[in-house]
Number of protein chains: 2
Amino acid sequence: MKSFDVQESVISAAVELFALHGFGSTSVQQVVEAAGVTKGAMYHYFRSKDDLLFAIYEQLLTLQSEHLRAIIASDLSTADKLRAACIDVIETSVDSLQELTVFFQSAHLLSEDRRKDVTQRRRAYNDEFASLIESGRREGIYRSDIPRAVLIAHFFSDVHYLSTWFSPDGPEDKTLVAEQLTDLFIRSIAV
Amino acid sequence: MKSFDVQESVISAAVELFALHGFGSTSVQQVVEAAGVTKGAMYHYFRSKDDLLFAIYEQLLTLQSEHLRAIIASDLSTADKLRAACIDVIETSVDSLQELTVFFQSAHLLSEDRRKDVTQRRRAYNDEFASLIESGRREGIYRSDIPRAVLIAHFFSDVHYLSTWFSPDGPEDKTLVAEQLTDLFIRSIAV
DNA sequence: AAATGCAAACCGACTGTTCGGTATGGTGAG
DNA sequence: CTCACCATACCGAACAGTCGGTTTGCATTT
């Protein structure tokens with residue numbers, strides 16, 4: 001019979017403010033005011049401002065990692081797996097546009113330990129993604145004349161950049177854009 | 001016989017610190033200490049912390065705009081112009097990696113007026129770039145089944161993302177990466 | 001009685017910015 | 001050549017306000 005979830009309210013307010021003004025330029029005071037709670041309440045659930053930032057990352061990272069693992073474990077062909085993975089990460093990113101913005105803007109502001117944790121999980125995600133491309137190369141469907149790292153960066157740049165230009169209220173449709181960007185990517189890496 | 005340029009020193013320190021810790025998390029005190037000047041000296045040349053951020057943008061925007069205009073005014077074919085424009089913006093961005101980082105991380109923290117100025121100049125740049133693609137479409141060399149806005153975003157995402165993954169000390173070579181990313185882009189938009 | 005959940009008051013450190021004042025170097029008059 | 005004059009360059013202390021974080025204490029639940 002909880003009528004008001006403090007944690008959720010704080011995180012939600014933090015995501016919005018961090019995305020809008022940046023982590024460093026947003027004060028804890030602003031966050032708790034927007035969340036409709038007091039500092040005492042916030043510090044009861046979060047150890048620090050840093051902790052708040054980390055919580056945002058964890059949500060998104062966990063979600064996307066689970067999706068990717070499910071796709072890789074499926075019985076699709078390599079080509080279809082890669083396509084599905086691309087479309088999924090774009091769509092889930094659009095669904096969490098603000099979190100994405102915070103993620104890419106403020107990841108480096110995390111404390112040493114937390115940043116290592118995030119970096120490692122990101123790398124794990126990237127490696128799983130890269131394994132798809134590697135499989136495709138062995139099957140002879142993707143080009144090998146460009147370093148894998150460049151290909152990966154080329155794709156994730158699109159995901160990253162979504163938070164800059166894509167707007168849910170804009171003229172572009174989420175599903176359509178996901179297909180278009182995926183098509184552009186796969187066309188450019190096909191042999 | 002000026003042995004020490006305060007403005008240059010301040011901007012240089014600001015670029016480095018803003019890129020490292022973010023605009024909002026860097027204090028004026030830190031900047032002037034790194035620059036080896038006093039706050040008084042800094043505020044003699046810059047009206048505000050905001051002004052400092054703006055100065056960084058202006059440098060990069062002006063440089064890249066001039067380059068693009070020169071390329072468009074050249075007598076190359078449309079295809080070669082687009083290729084040259086892509087390679088140039090990637091290479092100049094790599095040359096100004098830290099400025100690029102600051103640019104994309106903190107553009108939204110500018111004051112209203114300043115942000116409008118920056119946005120307008122960025123749009124002008126984008127429009128000139130887009131005109132190249134439009135020309136190519138009329139010549140029938142680039143596909144028309146994907147919105148121009150998506151194509152533009154697709155390319156600039158690579159430029160944007162450079163600041164995240166590219167390192168001058170890393171295994172990748174600037175010129176090579178510029179060619180590879182340009183190749184990926186042009187291959188994906190060719191009919 | 002003990003533990004949880006939270007509000008309110010509070011802490012010292014630090015914020016961006018201002019400002020009174022000094023040092024420096026060039027210009028024009030005598 | 002000299003000296004008054006003045007703009008520009010720069011200094012560093014001080015400002016009012018805000019920062020992230022802590023402490024205290026009181027309800028409510030267990």
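Being a predicted model, the structure only gives us computed values, none of them experimental. Proteins come first, then strands; the chains are lettered A, B, ... in the order of their sequence lines, and each starts at number 1.
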Closest non-hydrogen contact found for Arg143(A) with Ser188(A) is NH1-O, 3.0 Å
Heavy atoms only: give me the nearest Phe46(A)-Asp51(A) pair and the separation to one decimal.
CA-OD2, 3.6 Å
Take the protein atom [atom1] of [X] and the nucleotide atom [atom2] of [N], then report the distance between them rounded to whole Å.
{"X": "Asp51(B)", "N": "dT17(C)", "atom1": "CG", "atom2": "C1'", "result": "13 Å"}
{"X": "Tyr43(B)", "N": "dT15(C)", "atom1": "OH", "atom2": "P", "result": "11 Å"}
{"X": "His21(B)", "N": "dC19(D)", "atom1": "NE2", "atom2": "C1'", "result": "18 Å"}
{"X": "Met42(A)", "N": "dT23(D)", "atom1": "CE", "atom2": "C1'", "result": "16 Å"}
{"X": "Asp5(A)", "N": "dC6(C)", "atom1": "CG", "atom2": "C1'", "result": "14 Å"}
{"X": "Phe46(A)", "N": "dT22(D)", "atom1": "CZ", "atom2": "P", "result": "16 Å"}
{"X": "Arg47(B)", "N": "dT18(C)", "atom1": "CZ", "atom2": "C1'", "result": "16 Å"}
{"X": "Gln29(B)", "N": "dC15(D)", "atom1": "CD", "atom2": "C1'", "result": "14 Å"}

In a check of ring-ring contact (aromatic ring centres under 6.0 Å, His included) between Phe18(B) and each of Phe23(B), Tyr57(B), Phe54(B), which one passes?
Phe23(B)
Please pick, from [options], the nucleotide with the shortest atom-to-atom distance to any side-chain atom of [X].
{"X": "Tyr45(A)", "options": "dC10(D), dC19(D), dC6(C)", "result": "dC6(C)"}
{"X": "Val6(A)", "options": "dC6(C), dC10(C), dT15(C)", "result": "dC6(C)"}
{"X": "Ala41(A)", "options": "dC10(D), dC19(D), dA7(C)", "result": "dA7(C)"}
{"X": "Lys49(A)", "options": "dT8(D), dT18(C), dG20(D)", "result": "dG20(D)"}
{"X": "Thr38(B)", "options": "dT17(C), dG12(D), dG21(D)", "result": "dG12(D)"}
{"X": "Ser27(B)", "options": "dT17(C), dT15(C), dG20(D)", "result": "dT15(C)"}
{"X": "Val28(A)", "options": "dC11(D), dG20(D), dG5(C)", "result": "dG20(D)"}

His44(B) or Ser48(A), whichever maps to the more 5' nucleotide of DNA chain D
His44(B)
Both Gly40(B) and Gln30(A) contact DNA chain D. Taking the nearest nucleotide for each, which residue is further toward the 5' end?
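The residue mapped nearer the 5' terminus is Gly40(B).
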Scan Thr26(B) against the nucleic acid and name what it touches under 4.0 Å (heavy atoms): base, sugar-phosphate only, or nothing.
sugar-phosphate
Here's a test of your reading of the structure: between Lys39(A) and Phe23(B), which maps to the more 5' nucleotide of DNA chain C?
Lys39(A)
For Thr101(B) and Leu97(B), indicate whether the former's side chain and the latter's backbone hold a donor-acceptor pair under 3.5 Å.
yes
Going by the side-chain contact (heavy atoms from CB on, under 4.5 Å) test, name the single residue among Asp158(B), Asp95(B), Val159(B) that passes it with Ile90(B).
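Considering Asp158(B), Asp95(B), Val159(B), a side-chain contact (heavy atoms from CB on, under 4.5 Å) with Ile90(B) is found only for Val159(B).
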